[in-house]
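The structure appears right after this line, and notes come after that.
Residue numbers count from 1 along this sequence. For the numbers below, each heavy atom of this structure counts, side chains included, while hydrogens, waters and symmetry mates do not.
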Amino acid sequence: MSKQVLRFGLPKGSLQESALQKMAKAGWNVSVSSRSYVPYVDDEELEIRLIRAQEISRYVENGVLDAGITGHDWIIENDSKVHEVGEFVFSKVSRQPTRWVLAVPEQSPIKSVKDLEGKRIATEVVNLTKRWLKKNGVKAEVEFSWGATEVKAHEMVDAIIEVTETGSSLRANKLRIVETLLTSSPRLIVNHDAWKDKFKRQKVETLALLLRGALEAESKVGLKMNIAEKNLQTLLATLPALRNPTISQLSQAGWVAVETIIDETVVRHLIPQLKAHGAEGIIEYPLNKVVY
């Protein structure tokens with residue numbers, strides 16, 4: 001019987017480093033050589049290919065790849081018929097979704113999509129833009145942009161459709177956001193034949209479970225402390241937790257240990273309160289995965 005393998009595509013380029021970090025936290029160590037697009041992965045049931053995010057959904061749809069991670073925007077741009085297993089929000093700058101926006105020079109008279117009638121637009125997402133214009137009843141010329149699209153807005157075209165996370169690059173180029181066409185985030189996708197295959201579906205579901213656990217863990221920390229039993233209820237009343245915290249008896253009579261998982265953002269406010277309620281030996285530690 002031949003070895004069963006899942007062919008899995010990861011995005012090459014701006015999302016590559018983030019994707020490899022998430023895979024490592026999920027439990028798969030992927031090594032990339034500067035001379036090869038075929039990385040090594042410490043799982044004989046997995047074959048990984050690094051491909052531009054723009055192309056992954058097409059290769060998953062036609063079966064060259066069984067599954068992959070790519071942006072929702074490129075699935076829409078390519079009109080790919082694939083099964084979306086889940087959303088996994090990570091990016092090169094933040095954990096916020098990206099946006100494809102209509103942007104124009106700050107002094108441009110263009111105030112809405114209707115003002116694009118007869119204008120010229122540069123973008124990498126030509127199909128998405130044409131469908132958006134058609135939906136709004138606007139006829140305009142749309143040309144493909146290979147890059148440096150922000151520069152073209154001032155001299156070569158009337159407007160651009162560009163992707164942004166924070167808007168800082170657009171502001172730096174003295175561009176104004178007019179409208180948002182699409183909000184996008186990374187998605188784990190699989191083709192319909194692979195989703196019907198028992199081995200491949202289980203492999204994809206395992207990847208999804210552990211990747212989701214790794215992402216959940218990024219915003220949470222573990223917290224351990226000791227406290228006298230007489231102060232326990234007061235402490236528990238102030239302690240947020242995924243569910244109820246774990247409480248275990250210490251060897252010293254009248255004392256217990258409390259362990260819980262909480263959002264990292266509340267730790268700096270919480271620790272002084274815990275200390276005030278009598279907690280001792282407070283330890284904060286990072287997490288690799290949180291699986292619900």
Side-chain angles (χ1 to χ4, degrees), residues 10-11 14-30 69 71-72 84-99 164-169 171 180 183-188 205-292:
L10 289 175
S14 61
L15 284 176
Q16 176 178 324
E17 186 175 348
S18 296
L20 295 182
Q21 289 175 351
K22 299 326 178 223
M23 287 291 290
K25 288 199 70 174
W28 286 271
N29 292 306
V30 182
I69 294 177
H72 174 64
E84 288 193 25
V85 181
E87 179 183 23
F88 297 84
V89 179
F90 61 89
S91 63
K92 59 182 178 181
V93 175
S94 68
R95 292 192 68 197
Q96 301 299 315
T98 56
R99 294 183 296 150
T164 182
E165 283 185 49
T166 64
S168 59
S169 179
R171 288 192 295 274
T180 297
T183 298
S184 181
S185 59
R187 308 293 170 92
L188 174 52
E205 289 179 332
T206 299
L207 278 162
L209 176 72
L210 297 180
L211 280 169
R212 191 171 288 113
L215 288 171
E216 286 290 341
E218 288 187 342
S219 61
K220 300 188 182 301
V221 295
L223 209 59
K224 296 176 70 172
M225 69 209 79
N226 300 330
I227 191 164
E229 282 186 284
K230 63 181 182 181
N231 297 324
L232 180 60
Q233 292 307 314
T234 303
L235 180 137
L236 293 180
T238 63
L239 195 62
L242 287 180
R243 293 187 183 278
N244 293 324
T246 300
I247 301 170
S248 52
Q249 197 71 43
L250 294 179
S251 57
Q252 183 178 353
W255 282 77
V256 294
V258 178
E259 184 168 6
T260 189
I261 305 298
I262 61 174
D263 290 337
E264 187 176 21
T265 54
V266 305
V267 169
R268 63 178 182 266
H269 305 295
L270 187 61
I271 286 180
Q273 296 178 42
L274 298 175
K275 186 68 178 172
H277 288 309
E280 298 181 2
I282 301 172
I283 300 172
E284 176 189 339
Y285 54 92
L287 305 169
N288 276 334
K289 299 179 190 69
V290 175
V291 179
Y292 295 100

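Note that the OG1 atom of Thr206 and the CG atom of Leu211 stand 10.5 Å from one another [nearest 0.5 Å]. Within the model, atoms CD of Glu87 and CZ of Arg212 stand 9.5 Å from one another, a figure rounded to the nearest 0.5 Å. Between the CG atom of Leu188 and the CD atom of Glu205 there is a distance of 10.0 Å, given to the nearest 0.5 Å. Rounding to the nearest 0.5 angstrom, the gap separating the CG atom in Asn29 from the CE atom in Met23 is 9.5 Å.
Side-chain atoms of Glu280 never come within 3.5 Å of backbone atoms of Ile227 as a donor-acceptor pair (strictly under, hydrogens ignored). In this structure, Lys289 contributes its side chain and Ala217 its backbone to no donor-acceptor pair below 3.5 Å.
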**OP:** Could you go through the side chain to side chain contact (heavy atoms under 4.5 Å, CB included) check for Ile69 and Lys22 one step at a time?
**Re:** CA-CA 11 Å; Ile69 294 177; Lys22 299 326 178 223; over 6 Å; no
Subject >> Stepwise side chain to side chain contact (heavy atoms under 4.5 Å, CB included) test for Leu236 and Ile247 >> reply: CA-CA 10 Å; Leu236 293 180; Ile247 301 170; 3.9 Å; yes
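Counting heavy atoms from C-beta on, the side chains of Gln252 and Asn226 never come closer than 4.5 Å. Residues Met225 and Val258 meet the side-chain proximity criterion, which asks for heavy atoms closer than 4.5 Å.
Nearest heavy-atom pair, Thr164 versus Thr166, reported as atom, atom and distance to 0.1 Å: OG1-N, 3.6 Å. For the pair Ser184 and Gly71, the tightest heavy-atom approach, listed with the atom from each and the gap, is OG-C, 4.0 Å. The minimum heavy-atom distance between Glu218 and Glu264, with the atom names listed, is O-OE1, 3.9 Å. Here the shortest heavy-atom pairing between His72 and Thr183 reads CD2-O, 3.7 Å. Minimum interatomic distance between Glu216 and Lys220 (heavy atoms only, all atoms of both residues): O-CG, 3.7 Å. Across every non-hydrogen atom of Thr238 and Leu235, the tightest pair is OG1-O, 2.8 Å.
Sparse packing is recorded around CD of Glu17, with 12 or fewer heavy atoms of other residues, nucleotides or ligands lying under 6.0 Å away. Remark: Lys224 NZ is loosely packed, at most 12 non-hydrogen atoms of other residues, nucleotides or ligands lying under 6.0 Å away.
Among the candidates Leu270, Ile283, Ile261, the single residue satisfying the side chain to side chain contact (heavy atoms under 4.5 Å, CB included) test with Leu223 is Leu270.
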